[in-house]
Amino acid sequence: MKKQHYYVPVAAAVLTAALLLSGCNSGDKTANTYNSSGAEAGTTTEAAANEGNAAAANDSEFTAAVEQYRAYVIQECDAFVTETEKFVNAVNGGDIETAKSLYAPSRMHYERIEPIAEALGDLDPNIDARDGDVEASEWRGFHRLEKALWEDKTTEGQQEFADRLLSDAKLLRAKVETVEIDASLLVTGAVELLNEVSTSKVTGEEERYSRTDLYDFAANLEGAKKIYELLQPNLAEKDENLDKQIADRFTALEAELAPFKEGEGYVSYDKLQDSDVRNLSQNLDALAEPLSQMGKLLGV
Amino acid sequence: MEDLNTADSLLNKRLSRREMLKIAGVGGIGLLLGGGGAYGALAVKETLAKNSAPSKGDASGSRVGFYGEHQAGIITPAQHFLSFASFDLTTSSLADVRQLFQSWTEAAAAMTSGDLIGNSNNNLNLPPSDTGETAGLSPSKLTITFGVGPSFFDNRFGLAGKRPTTFGELPKFRGDALQTEWCGGDIGVQVCADDLQVAFHAVRNLARIARGTAVLRWMQDGFQRTGPADPSNGTPRNLMGFKDGTGNPDIADAQAMKEIVWAGSGDGAAWMKGGSYLVARRIRMRIEIWDRSTLDDQERTFGRHRDTGAPLGMRDEFAPLDLNAKNTAGEPALPMNSHSRLAHMDGATKILRRAYSYTGGMDAKTGQLDAGLFFISYQRDIQKQFIPMQQILAASDKLNEYIVHVGSAAFACFPGTRPGGYIGETLF
Ligand code: HEM
């Protein structure tokens, strides 16, 4: 969940712009990425429309990556709905312990594809807002239930929020079908995922009550890595050194995170020493810096 | 040397954006596009010469040349602001370190000339290679001075054998209350400029370039009064209200600098020839206590008059310290435990101080001011110069009632380099 960025989400604005533009172009359901119809990207209309925004990626090169990413997003979304349903059932059944155990793992599916959700309007705050991120009267979603489970230690009165969470999850699943993905969304999305980690997860501000921030950390990282892997063949061709640097730094950050694995999940954020946090944070910045250079793929 | 540095860089520098515009205005864009030949180069040089003096931007007056026998920022007259950064290396590969210093050198040469770093500052698809907050600003006498700490010579890079014999961790001094978060570092970078934004920009961009190779360990900003606040350019006052720097050796005296500041090939290591050893101490002042001590007490603490900066009993700030002088009561005019007297030692042991005031705002625990002196000194040999001096001060200085040393670091600052070379090349 992006901290206080609902009103001026800069990156999201760029994403949305791409979304709108491409939305106009795809009258045809099968052509769901505007890059798939190679001719369009080169037309003057498109170029003019894009002025002031990041240059449109040149199309066909990235068709495979974009399609694979779409498949990934849909797969994660499917899993997200299934797992959220189990979580919601546990809440509605008053089974606090089961609900707690399902909370963080189900969220991971969401965290892996967060930039996509953020590009889809209100869905992100509805699913992922923390107390204080939105008007109190509008606060719902995961963190509302997190507070009930860990802080208030009850599921009483939570049915409304649990049910809405599930319907929001399903709505997300429905909407991702229509989301337009292009290479520049991939590039910004990968960095965006790490920025998420940097602003709230590594600082332990995402999961105030459950202290499960490291699950989100890992999921954001996996989501970024997925994007990198899809673009990697293009990157290796364009800038071998940059590719190697990014690969090495993913490895380094994963190695820093590994000691905090516990069973299927991760230790509580409270177990981290100050020096662990600093170390994770610095390794994260070390990765995000070259990752932000992936825009080279899109040409000048 | 500074002049040489400046001339050097005028001939070799890349064009800044402002110069591009100026030249474009004078000679037309064609000159820029077709300017590969001798005529082009010459015309550019002439245009630069004609235009450089009166411009507020990159007038040579606001630029300190980066290249030269010695690094700039050591005997350069102290600029108004400091941004000091200590880094730890996260790599264990010497090749990475070499690459880091090459990239840093390139960036430092650009920044000290007032140019933007790198060549992708206009690509909409990429984060700009320079963070941009100095665009259009003059270099503001920016200097960037690099050194390595004792920890650099452990077993990580196979350079243990290159550690200068005279260079190691500083010993513990009496009264030290050092906090690890303000101590040490594999690499030290002293950034000074007449503008704090320019100085901060340099540290920020160096840290950015280092990502994945080195991380910031600690960072401290410092300040002195600015030029406009003191047009007479007198000795700056520290936060205790006293002129600080009066007894410093003369930076214009090349012979003195050779004796006090510049390492020769016999000073610890051959690769340090032309370099200098830096000591940094973050010294917190007990401001509240100082403020309630009498003027007499304050003056006896330093052995100098607050108003004029003159030694007690004298009128002239620059009157030599007379250790034998007596006051009317027949006591030593310079109290035996006064700071100037003790630091003067036998008159033969000297260092070059380049200190800045600092503040960390308020101490949240006590509500008191967190402020003091970020002491920096340069010397040929820390063991022969700084250490004995600080041992004497730590043992007896009256000033100790009002200060506490909370941070400490030492760095071996490399000799300078020439265009095409890089800082640190004599070691790596
Ligand atoms: C907060 C700490 C300190 C303050 C406020 C301070 C302040 C001063 C002042 C006001 C003077 C007299 C003016 C001048 O000659 O510059 C002075 C002189 C001097 N100080 Fe310090 N100083 C501090 C720490 C140190 C340290 C740590 C050293 C070195 C170990 C040092 C070495 C000297 C020397 C060498 C002189 C000149 C003595 C001479 O005239 O030969 N000071 N200091």
Checking an interface table here. Which of residues 277-286 of chain A come within a heavy-atom distance under 4.5 Å of chain B? A:Arg278, A:Gln282, A:Asp285, A:Ala286

Going by residue number, which parts of residues 220-237 of chain A are within reach of chain B, meaning a heavy-atom gap below 4.5 Å? none

Student check: side-chain heavy atoms of [X] and [Y] closer than 4.5 Å:
X: A:Tyr269; Y: A:Glu206; answer: no
X: B:Asp221; Y: B:Phe81; answer: no
X: B:Met219; Y: B:Val191; answer: no
X: A:Asn241; Y: A:Gln245; answer: no
X: A:Lys296; Y: B:Asn125; answer: no
X: B:Pro139; Y: B:Met111; answer: no
X: A:Arg211; Y: A:Lys271; answer: no

Contact origin within A:Glu289 toward chain B - heavy atom pairs under 4.5 Å: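 For A:Glu289, the side chain is the part near chain B, not the backbone.
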
How about B:Lys365: does its NZ atom have over 12 heavy atoms from other parts shown lying under 6.0 Å from it?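 Open: at most 12 neighbouring heavy atoms sit under 6.0 Å from NZ of B:Lys365.
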
How about A:Glu240: does its CD atom have over 12 heavy atoms from other parts shown lying under 6.0 Å from it?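 Incorrect, the count does not exceed 12.
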
Counting only N and O atoms by type, is there a donor-acceptor contact under 3.5 Å from the side chain of A:Asp124 to the main-chain atoms of A:Glu118?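 Not a single qualifying donor-acceptor pair exists.
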
Could I get the full list of side chain to side chain contact (heavy atoms under 4.5 Å, CB included) partners for B:Ala214, not counting sequence neighbours?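 B:Ala214: side chain to side chain contact (heavy atoms under 4.5 Å, CB included) contacts with B:Phe87, B:Leu89, B:Leu100, B:Ala210.
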
Between B:Thr90, B:Thr213, B:Val215, which residue shows the highest count of heavy-atom pairs closer than 4.5 Å to chain A? B:Val215

Can you check whether B:Trp104 and B:Tyr422 have ring centres sitting under 6.0 Å from each other? no

With no hydrogens and no angle check, do the side chains of B:Thr131 and B:Glu133 hold a donor and an acceptor under 3.5 Å apart? yes

Is it true that the side chains of A:Glu196 and A:Ser200 contain a donor and an acceptor less than 3.5 Å apart? no

Which members of residues 144-160 of chain B, sorted by number, sit under 4.5 angstrom from chain A on a heavy-atom basis?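 From residues 144-160 of chain B, none sit under 4.5 Å of chain A.
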
